[in-house]
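Order of the sequence lines sets the chain letters (A, B, ...), proteins ahead of strands, with each chain counted from 1. For the numbers below, each heavy atom of this structure counts, side chains included, while hydrogens, waters and symmetry mates do not. Because the structure is a prediction, the values reported are computed rather than measured.
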Amino acid sequence: MTCLHLLLTLVFAVSLGTPVEIQRPRGVPLTKKQFYEEGKPFTCLDGSRTIPFDRVNDDYCDCKDGSDEPGTAACPNGSFHCTNAGYRPMFIPSSRINDGICDCCDTTDEYNSGAKCENTCKELGRKEREVLQKMAEITKEGFLLKQQLIEEAKKGREEKQGKVTDMQENKKQLEEKVEALRTVKEAAEQPEKEAKERHLKAWEAIRLEKDKAKMAEAFLELDDNSDGFVSVSELQSHAELDPDADGTLTETEVQGLMGGAAQVDTSTFESVWTNIKDKYHSESQPEEPAPVETPPDEVKEPAVDNDSEPYPEDDISEEDDEDEDDKDDYHEDDDKVRVNIEKELSFDFGPDAEFTYMYSQCYELSTNAHVPRIWGSWSGPENNKYLVMKYEHGTGCWQGPNRSTTVKLTCGKETVVTSTSEPSRCEYLMEFTTPAVCQEPANTEPSPHGHEEL
Amino acid sequence: SFGLWGITLLMGLLSVFFVCLFFSSAFAVDRGNFKTCDQSAFCKRQRAFKPGQSPYRALLETLELSDSRLTLQLINDNNKVHLLLELYRLQGNMTRVKINELKPLKPRFEVPDVLIAEPPTDLSVLSKDDNGVVLSLGAESQRLIVSARPFRLDIMEGPEVLLSLNSRGLLAFEHLRLRKDTNKEEDGLWEETFKSHTDTKPNGPTSISLDFSLPGVEHVYGIPEHADDLKLKTTDGGDPYRLYNLDVFQYELYNPMALYGSIPLMLAHNTQRTMGIFWLNAAETWVDISSNTAGKTVFGKMLDFVQGSSEKPQTDVRWISESGIIDVFIMLGPKPSDVFSQYASLTGTQSFPPLASLGYHQCRWNYNDQEDVKSVDQGFDQHDIPYDFIWLDIEHADGKRYFTWDPHKFSQPKEMLQGLMDKKRKMVAIVDPHIKVDSGYKIHNEITSKDFYVKNKDGGNYEGWCWPGNSGYPDFTNPEMRAWWASMFAYDQYEGSMENLFTWNDMNEPSVFNGPEVTMHKDALHGKWEHRDIHNMYGLYVQMATAEGQIQRSGGAERPFVLTRAFFAGSQRFGAVWTGDNAAEWDHLKISIPMCLSLGLVGVSFCGADVGGFFKNPSTELLVRWYQTGAYQPFFRAHAHLDTTRREPWLFGPENTALIREAVRQRYALLPYWYQLFFQAYRTGMPVMRPLWVDYPKDTATFTIDDEFLIGSDLLVHPVTEEGSRGVTAYLPGAGEVWYDVHTFQKHNGAQNLYIPVTLSSIPVFQRGGSIIPRKDRVRRSSACMENDPYTLYVALSPKKFAEGKLYIDDGHSFNYDTKKEFIHRSLTFANNALTSSNLCPDCNFLTSSWIEKVLILGASKPSKVVLKMNGKETPVDFEFDSSMSVLTLRKPGMNAGDDWTLLLQ
């Protein structure tokens with residue numbers, strides 16, 4: 001049977017540095033020492049019953065609240081206090097006492113399990129002080145930056161408010177100007193439009209060139225006997241051209257493809273090419289490879305047809321237009337601008353509008369994903385809701401939820417993404433640092449040293 | 001864990017079917033993907049035979065009797081084909097009936113590796129005349145009567161017929177024949193097409209069928225796996241129960257469709273007797289059940305009874321298999337426990353699992369990377385919830401190449417495993433039997449070079465689509481292949497593996513996304529046998545080889561832990577089974593009970609369902625209720641589909657976290673009891689989780705109950721499985737017995753329906769009066785952390801102030817209990833006001849540091865004094881008595897759990 005030591009002598013340093021022995025039962029924090037008076041009957045801390053003192057820490061649970069066994073694992077709801085001199089004190093569930101796993105850095109939780117624990121408190125304390133020091137510096141600088149952000153936001157806000165007011169006052173006036181402005185706008189856009197058309201033409205030319213080259217190649221491939229003509233039989237060997245997809249390419253079907261001709265030369269092949277190019281498989285290239293490398297569960301959308309080259313129009317970003325919103329009010333419809341500004345002014349950019357600067361920025365992530373330029377809703381803990389922002393109701397996932405993103409903000413000198421992950425399918429988590437959440441540094445420097453208990 | 005949605009996506013890649021399948025994949029099985037009896041040519045053919053005059057005749061002049069068996073020829077008078085009947089009387093009240101062709105064109109498949117030994121026999125002829133033969137079946141005045149014309153077998157005890165074979169004349173044995181000898185080109189004889197798949201049948205029709213009549217039987221059970229009630233239903237007017245291991249995507253409940261596993265054992269039960277029919281055949285099998293009382297109302301039955309004009313109730317069953325031979329074992333009980341031990345003597349008992357595997361398992365498809373694993377592990381500690389195993393699904397491997405690790409997400413597997421080991425926890429990683437065809441993959445190359453793949457009908461390597469894309473399927477029926485596979489689990493072969501890494505075999509039906517019914521073509525070849533012959537045992541072999549690998553890697557010292565989805569008779573010897581890809585729906589929670597009860601009845605005790613439901617997102621209430629139910633089922637693992645939101649136990653607010661924590665803690669406190677029950681299951685074949693009728697075989701009220709169950713004999717659990725429930729009605733069996741609510745110690749009488757009001761925290765559990773259950777009430781973060789903790793004994797007194805129980809202790813993980821008798825097995829008895837611990841295994845040796853910290857005696861009266869007698873000394877023991885609940889608590893008696901002692905109440 002296990003017999004446990006009733007009392008443990010604890011030695012630790014007080015601020016004066018003088019070692020003082022304070023006796024109290026194992027696992028009891030100093031703040032509760034007065035309830036455990038040696039030799040006197042012990043009353044459970046919930047007052048439920050009183051027991052002889054020799055039943056404190058005797059490895060049998062007498063109190064419903066677990067208070068008679070602060071230093072053993074006997075009570076299911078007990079907790080054990082480790083002093084962790086040099087680091088910070090903590091409570092652990094009493095189920096972790098003598099379970100063979102080191103939980104307290106001062107090793108006091110494993111006094112009878114045979115686990116070989118090392119006292120790591122000093123090392124942890126040192127590391128923590130370093131981290132805290134660094135954090136204090138960051139907070140200090142970050143808080144200064146935050147003040148600037150607040151200042152800028154204040155100015156920006158006043159400007160915008162002024163703008164809105166102006167607009168409202170001058171709305172009629174502006175409406176009159178609209179026609180004139182539109183003319184100006186069109187004139188301004190003319191060069192861009194021309195450039196776009198030029199680009200389109202050039203692209204079309206390239207496409208035609210490519211097609212021609214393909215056609216010539218195909219002709220050479222099809223002309224098996226190299227007599228300068230492609231014949232019905234030569235074409236018939238290409239089963240993939242079967243127009244009714246019944247598995248056989250009949251002679252009649254081939255004749256149809258060849259416009260009734262028995263054979264075609266390079267010039268007349270052009271019309272045949274138009275009929276067959278969508279289905280034609282080059283002999284020199286392998287058949288479409290089996291998608292072995294694509295695990296089925298990772299495929300979310302139908303594969304893009306690689307053969308047709310899309311006109312790169314999509315790449316001309318529409319986001320650019322939006323980004324011009326607050327720069328150039330002549331480029332856009334004034335009402336839209338006004339509505340946008342009003343909308344922007346209605347967003348919650350923090351108690352001092354310190355998050356305003358984030359609104360117009362788009363952060364590149366390592367994964368090339370974008371934070372959509374929408375403003376989510378603050379959903380941090382009650383004491384500071386501005387630590388977390390949620391973006392919900394994104395596009396749907398197959399058999400899954402709508403995509404959503406949670407952004408966690410921590411104090412930092414720069415605004416950077418520190419991590420991105422997808423903890424759950426279609427639920428993304430991003431972690432940012434930003435000065436905007438830096439709190440005013442406390443007056444006193446944090447010093448974990450010597451603050452363990454007293 | 002997955003299912004047909006993989007097919008959906010795969011097809012999407014390949015063709016325009018993408019769109020239609022995509023939208024038809026609502027949450028229900030696509031029944032069209034799976035055959036009905038009508039679509040399965042042999043089933044249709046066999047079912048078309050109607051009961052009546054059998055063409056089979058016994059040729060009594062051919063009778064030969066040896067010490068071990070009786071042989072006799074049968075002739076089919078329609079086609080003059082001779083069959084050979086072999087009868088064996090097996091020790092332990094069993095009869096084996098084998099029927100094969102007398103001279104088949106070539107050998108027909110006989111199932112190997114399922115029977116643990118050739119069963120011993122004894123048999124003698126009593127009398128013989130022109131009409132038949134009477135054989136003595138051992139002691140209990142049992143006889144086997146062979147009738148000649150038509151052929152039929154009757155097993156009798158005294159004047160009663162217990163069971164008859166071919167009594168309805170449905171014996172049909174399709175003999176092997178040459179194609180040219182087939183008169184008419186009947187559909188499906190030499191070729192069969194289902195959807196786009198053609199089954200070439202080079203052997204033509206080979207199916208077999210036999211009927212059994214069970215007079216006096218109204219309740220039959222078993223033949224899993226089906227998502228259906230515990231009591232089997234009649235199949236008239238519908239499809240028969242199908243046994244054909246299939247990967248069914250989002251299976252539907254309450255129908256006889258085939259699922260992932262097959263165990264062709266049916267139990268028949270009435271108040272007098274329990275019997276078993278074990279149909280040893282691994283081919284696709286269908287089972288028809290009909291009953292002469294099924295259509296009758298209770299009133300109709302009453303009327304019959306009163307008028308005395310009733311015909312005797314009777315259940316008739318017909319087994320139909322596609323190939324192989326007829327090889328049936330009739331187990332005559334008579335007690336339920338006799339049938340379990342009879343079946344166990346044939347196919348073996350439940351493997352004795354490592355203690356930790358009885359704890360809680362946390363799984364998800366998928367834990368994304370090592371960081372994720374670490375944070376989930378920490379989450380359990382932060383929220384003070386115990387767990388023993390964390391699981392990795394297919395995404396952990398490098399491109400679904402099993403035995404490898406994703407180089408980015410799991411770059412340091414040993415570091416991860418060491419981190420878990422430091423907390424005395426373990427991990428399971430999936431290893432499926434489909435092997436990516438990839439010349440850069442060691443496993444594939446070795447299997448190819450050793451020529452271990454299953455072959456297609458043309459002799460090339462069989463290939464099909466599964467998670468990695470194009471895959472080969474190792475031929476697990478080949479013992480050399482299995483030996484090689486086992487060697488792959490050696491620590492130097494399976495890189496990144498450590499002793500706390502265990503294995504999960506999924507998709508071993510086998511699942512072939514582009515195969516017929518999502519499985520392998522029946523004309524694929526395993527050596528000289530067709531896949532058709534061995535289909536239902538492929539999964540058994542996969543688990544067998546994997547478990548063997550785990551044993552070998554420790555030099556035979558450590559117990560394996562392997563979970564399988566597909567199974568067959570005998571699978572219980574190799575590990576645990578779960579009910580596959582269920583859904584987060586209340587009905588799926590409910591069905592987990594009959595599904596695991598059915599498996600327990602046929603030998604597989606280590607059964608569980610995915611807690612929370614695999615597909616879809618459970619409501620918080622459903623999740624909590626599922627934890628509460630799962631905590632009281634043998635295999636306790638939460639699992640979730642890739643597309644579900646995260647559902648670790650602490651993600652639903654502190655109240656729900658507390659409810660889940662409490663359920664898991666109840667599980668851990670009872671681990672000593674679970675462990676001892678698994679030891680019993682391993683030794684005797686008694687199911688761990690069992691229907692009430694097993695322990696109350698004469699109480700007809702228990703025969704159809706499958707919303708509550710027993711764990712061992714001593715705990716009765718009625719989980720709450722209804723949404724918004726405010727109360728449940730539990731049936732407490734046993735006239736003259738009492739049951740104690742394990743939470744309040746309130747005593748209730750047996751043989752009553754008890755209404756129990758419930759809240760969200762309620763898990764109605766009762767301890768049987770007359771039992772002693774050891775618990776470890778100091779719940780810690782994993783089972784290994786509790787190894788040396790003391791026990792509390794819960795002594796629940798019967799009305800006669802008696803109770804008994806057992807305590808089993810060993811190291812929890814090695815084979816030393818078996819090889820070195822290193823265990824403690826004690827009998828605990830309370831009688832005459834004395835609680836005594838006595839040694840059940842005097843020649844065993846094991847030392848424990850666990851001790852007895854507390855004894856609770858429920859239903860006790862107040863003693864004046866309590867004394868501990870030990871080593872000839874008497875010491876007083878402190879106690880408390882709660883007169884309101886009659887609970888006597890003995891404080892810290894303190895003896896070692898392995899000692900002899902007596903506690904006297906005076």
Side-chain angles (χ1 to χ4, degrees), chain A residues 1-3 49 51-52 55 58-62 69 72-79 92-103 112-115 288-303 396-402 404 419 421-427 429, chain B residues 2 5-10 12-14 18-19 22 25 368-369 371-372 381 384 386 394-395 399-400 422-424 436-438 465 467-470 513 615-617 641-647 665 777-782 784-790 849 851 853-854 891-892 894-896:
Chain A
M1 196 200 109
T2 327
C3 188
R49 66 188 295 189
I51 55 173
R55 291 194 172 180
D58 72 336
D59 206 17
Y60 184 91
C61 190
D62 293 284
E69 296 294 318
T72 79
C75 293
N77 52 347
S79 59
I92 58 167
S94 40
S95 66
R96 291 179 198 174
I97 300 169
N98 291 329
D99 66 348
I101 300 163
C102 311
D103 291 284
N112 196 27
S113 70
E288 217 174 310
V292 179
E293 292 307 320
T294 319
D297 54 318
E298 285 176 15
V299 178
K300 290 172 200 143
E301 273 120 41
C397 272
W398 184 75
Q399 286 215 349
N402 287 344
S404 65
S419 83
S421 57
E422 188 180 356
S424 201
R425 186 81 149 187
C426 309
E427 291 181 18
L429 173 69
Chain B
F2 326 100
W5 82 275
I7 302 207
T8 309
L9 290 172
L10 180 70
L13 269 179
L14 296 176
F18 183 83
V19 173
F22 188 91
S25 64
N368 298 330
D369 49 29
E371 204 45 50
D372 199 3
D381 287 343
D384 200 17
I394 51 172
E395 313 298 333
K400 280 94 176 173
D422 290 346
K423 291 210 190 149
K424 303 190 179 185
K436 185 179 174 80
V437 173
D438 168 10
W465 282 79
W467 297 121
N470 199 28
F513 290 162
F615 292 111
K616 301 174 79 179
N617 294 305
H641 189 277
L642 185 68
D643 287 329
T644 60
T645 47
R646 292 292 279 245
R647 53 167 99 136
R665 288 177 69 109
D777 281 335
R778 305 182 178 191
V779 174
R780 304 194 189 240
R781 64 187 131 193
S782 71
C785 293
M786 296 161 65
E787 186 184 356
N788 300 316
D789 281 342
S849 48
W851 49 288
E853 68 169 325
K854 196 196 277 194
R891 186 188 190 280
K892 212 182 170 190
M895 50 285 189
N896 184 283

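Listed by chain and number, the residues in a salt bridge (charged side-chain N to carboxylate O under 4.0 Å, His left out) with B/Lys423 are B/Asp377, B/Asp381 (sequence neighbours excluded). Partners of B/Cys785 by disulfide bond (SG atoms under 2.5 Å apart), not counting sequence neighbours: none found.
Only the side chain of B/Asn368 comes within contact range of chain A, with at least one heavy atom under 4.5 Å from a heavy atom of that chain. For A/Ala115, no part lies near chain B; criterion is any non-hydrogen pair under 4.5 Å. Heavy-atom distances place no part of A/Asn77 under 4.5 Å from chain B, backbone and side chain included. The contact between A/Pro93 and chain B is made entirely by side chain atoms (from C-beta outward), counting heavy-atom distances below 4.5 Å.
Electrostatic pairing of A/Asp59 and B/Arg778 counts as a salt bridge here, judged by a charged N lying under 4.0 Å from a carboxylate O.
For the atom pair SG (A/Cys61) and CG (B/Asp777), the distance works out to 10.0 Å, reported to the nearest 0.5 Å.
The candidate from B/Arg647, B/Glu853, B/Arg781 with the greatest count of non-hydrogen atom pairs under 4.5 Å with chain A is B/Arg781.
Not one N or O on the side chain of A/Glu427 forms a donor-acceptor pair closer than 3.5 Å with the backbone of A/Ser404.
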